Amino acid sequence: MNSALRRGLVRAAPAAALLLAASACSGDPPEATPASTSSASPSASPSASGRSTHMDLHVTLDGRPVEAALNDSPAARDFAALLPLTLALEDFHDTERVADLPRKLDTSGASEPDTARAGDIAYYALWGNLALFYRDGPAASADLLILGHLDASADQLARAERITIETAP
């Protein structure tokens, strides 16, 4: 390689590295690639909360049907194994309705903590209970796992006293 070409490459290398570093730190998200759906969830779709769903549910709150779905997390799959369930709900901190489950769920392989939003179905691992949020929850916690989402109004969720959850036909 001749010396003029080598000097040009040596001068261009720092500029190329600076350009590459600047573009990597620009804050623009990388191009999204479509996620593959597993064979167990061929109809995965986003829920109202923007989280992908895995299994549609048949849910009634105080005898009134509401649309609901579980995500594809290990804890949500373990929760589905408990169905059908009918649970009495109690208010907790003017934010969520809670109920004890018959057993603790498997939380291995849990995803990164996420803040619960109104309508979320969640599992609080420390107490082993189900939580239905009618207001956005506090900061994300590793002990709170989002299992899915209910498409019900905050008012309906806040007043709910009984929930029946079954797998959809």
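Note that this is a predicted model, so its numbers are computed, not measured.
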_Within the 4.5 Å heavy-atom criterion, are Leu150 and Val59 side-chain neighbours or not?_
yes
*Side-chain contact test, heavy atoms from C-beta onward, threshold under 4.5 Å: evaluate it for Trp127 versus Phe92 and give yes or no.*
yes
*More than 12 heavy atoms of other groups within 6.0 Å of Arg103 CZ*: yes
*So do the side chains of Ile121 and His149 get within less than 4.5 Å of each other, counting heavy atoms only?*
no
*Asp155 and Ser153: side chain donor to acceptor below 3.5 Å*: no
_Glu161 side chain reached by Asp62 side chain, heavy atoms, under 4.5 Å_ = yes
*Does a donor on one side chain sit under 3.5 Å from an acceptor on the other, for Tyr134 and Asp91?*
yes
_A side-chain contact here means heavy atoms from C-beta on lying under 4.5 Å apart; do Tyr123 and Leu101 qualify?_
yes
*Leu147, Val98: one ILVMFWY side-chain cluster at the under-4.5 Å cut-off?*
no
_Leu130 with Met55, same ILVMFWY side-chain cluster at under 4.5 Å_ = yes
_Ion pair Asp120/Arg135, N-O distance below 4.0 Å_ = no
*Would you say the side chain of Leu89 lies within less than 4.5 Å of the side chain of Leu132, judging by non-hydrogen atoms?*
yes
